[in-house]
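Being a predicted model, the structure only gives us computed values, none of them experimental. Naming convention: chains lettered A, B, ... in sequence-line order (proteins, then strands); numbering from 1 in each chain. Reckoned from all heavy atoms, side chains included, excluding hydrogens, waters and symmetry mates.
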2 protein chains.
Amino acid sequence: MTDIPPTPPEDQADRFTRAREVQAVALLEDYVEMIGDLIVEMGEARVADLAARMGVAQPTATKAIARLKREGLATARPYRGVFLTEAGAALAERVRARHRVVVELLIAVGVPEKVAELDAEGIEHHVSDETLAAFEAFLKSR
Amino acid sequence: MTDIPPTPPEDQADRFTRAREVQAVALLEDYVEMIGDLIVEMGEARVADLAARMGVAQPTATKAIARLKREGLATARPYRGVFLTEAGAALAERVRARHRVVVELLIAVGVPEKVAELDAEGIEHHVSDETLAAFEAFLKSR
DNA sequence: CAGAAAGTATACCCATGGCTATTTTTAGGT
DNA sequence: ACCTAAAAATAGCCATGGGTATACTTTCTG
Ligand SMILES: [Mn+2]
Ligand SMILES: [Mn+2]
Ligand SMILES: [Mn+2]
Ligand SMILES: [Mn+2]
């Protein structure tokens with residue numbers, strides 16, 4: 001009869017480490033998605049519009065764009081708009097698709113639409129590929 | 001025939017503002033939950049154990065405890081353990097219950113248990129009371 | 001009960017992501 | 001064309017949350 005080995009602390013720590021890593025990219029994900037939206041809706045992504053939609057001051061958006069550039073997700077020419085790189089556009093597409101699935105799943109299990117939209121904005125970033133696949137399977141099989 | 005009024009930018013911004021607010025309390029929630037766990041399992045919550053389980057260096061845990069004290073969620077006597085206040089214990093209980101429900105819901109929609117545990121650690125903080133209620137109703141009605 | 005080991009606090013460092021105030025550039029109107 | 005208004009960049013501030021290195025207590029052990 002073997003005892004159940006107690007979970008070692010560093011294993012337990014993994015989930016927190018993961019959550020912290022996710023948090024670090026969450027902002028980038030929301031920005032690339034929003035830049036993509038603006039380009040589609042407006043033909044271009046201006047810093048002022050980006051800031052307004054993200055609910056931050058304009059210099060905050062400018063700094064976020066600087067980070068996107070560093071990460072190779074966006075380009076920008078001073079006083080002109082912001083553009084997505086290949087990588088940025090690809091990320092935006094994945095993020096947009098995941099966002100949709102998360103909202104749909106929440107609605108499917110009975111969350112009111114408005115609330116689903118609100119909560120999904122934070123939840124989405126923590127949804128792994130495996131969880132996303134499970135969500136899609138669940139939605140299909142209803 | 002009225003057009004559908006386009007969502008004003010500041011409304012869109014609300015969800016991002018909310019996500020940022022949630023993020024600010026997420027760490028506190030995980031710490032109080034873990035402090036509660038340690039007290040139950042070990043009889044006391046030591047800084048070193050807390051740090052190990054959270055996956056951070058010891059001074060990082062010490063600083064987090066300072067913040068918990070400031071927020072009225074914990075007390076601590078130097079070189080002795082950490083304790084929860086009434087408010088801290090109440091928060092820990094709510095957080096623990098919510099965590100369980102989120103994990104169960106993920107499993108219920110087909111997410112593998114291991115993955116559910118991982119993803120839930122981040123997701124839980126973004127689950128509003130309304131969404132939590134919907135999750136509970138869904139789990140009950142299966 | 002003295003010395004060593006372990007645990008904790010403290011002092012600094014860094015990056016992120018908010019902000020306001022100000023400067024610089026671009027765009028528009030007369 | 002010029003002047004002005006709007007947009008964007010820059011500078012400088014703050015809090016948070018991560019880290020190392022080191023000092024200080026407490027605890028254990030011979
Ligand atoms: Mn989001
Ligand atoms: Mn989103
Ligand atoms: Mn958590
Ligand atoms: Mn948790």
Are any of [X]'s side-chain N or O atoms less than 4.0 Å away from OP1 or OP2 of [N]?
X: B:Thr62; N: C:dT8; answer: no
X: B:Arg46; N: C:dG7; answer: no
X: A:Thr60; N: C:dC19; answer: yes

Closest listed nucleotide, where the reference is the side chain of [X] and the choices are [options]:
X: B:Leu27; options: D:dA7, D:dG18, D:dT20; answer: D:dG18
X: B:Arg80; options: D:dG19, D:dT26, C:dC19; answer: D:dT26
X: B:Pro59; options: C:dG18, D:dT26, C:dA11; answer: C:dA11

Exercise. NA contact type, B:Ala57, heavy-atom cut-off 4.0 Å: base, sugar-phosphate, or nothing?
Worked result: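 B:Ala57: base contact, heavy atoms under 4.0 Å.
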Rounded off to whole Å, could you give me the [atom1]-to-[atom2] distance for the [X] and [N] pair?
X: A:Lys69; N: D:dA8; atom1: NZ; atom2: P; value: 13 Å
X: B:Arg70; N: D:dA15; atom1: CZ; atom2: P; value: 9 Å
X: A:Leu28; N: C:dA15; atom1: CG; atom2: C1'; value: 13 Å
X: A:Glu21; N: D:dG19; atom1: CD; atom2: C1'; value: 15 Å
X: B:Arg20; N: D:dT16; atom1: CZ; atom2: P; value: 16 Å
X: B:Arg77; N: D:dT26; atom1: CZ; atom2: P; value: 11 Å
X: B:Lys63; N: C:dT10; atom1: NZ; atom2: C1'; value: 11 Å
X: B:Tyr79; N: D:dT25; atom1: OH; atom2: C1'; value: 5 Å

For this session: Determine, for B:Lys114 against A:Glu130, whether the closest basic-nitrogen to carboxylate-oxygen distance falls under 4.0 angstrom.
Result: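 A:Glu130 and B:Lys114: not salt-bridged.
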Exercise. Given side chains that start at C-beta, do those of A:His99 and A:Val102 come closer than 4.5 Å, heavy atoms only?
Worked result: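 Not in contact.
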Exercise. Below 3.5 Å, does any donor atom in the side chain of B:Gln58 face an acceptor in the base of C:dA9, or the other way round?
Worked result: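 Answer is yes: a donor-acceptor pair is held.
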For this session: Assign each of A:Gln23 and A:Ala48 to its nearest nucleotide of DNA chain D by heavy atoms, then name whichever residue's nucleotide is nearer the 5' end.
Result: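 The residue closer to the strand's 5' end, by nearest nucleotide, is A:Ala48.
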Exercise. Can we call the ring centroids of A:His126 and B:His125 under 6.0 Å apart?
Worked result: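 Aromatic pair excluded; centres sit 6.0 Å or further apart.
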For this session: Could you verify whether a donor N or O on one side chain and an acceptor N or O on the other, from B:Thr17 and B:Glu21, lie under 3.5 Å apart?
Result: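 Not at all, the side chains of B:Thr17 and B:Glu21 share no donor-acceptor pair under 3.5 Å.
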Exercise. Can you tell me how far CD of A:Glu113 sits from CG of A:Leu106, rounded to the nearest 0.5 angstrom?
Worked result: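 If we round to the nearest 0.5 Å, A:Leu106:CG and A:Glu113:CD are 11.5 Å apart.
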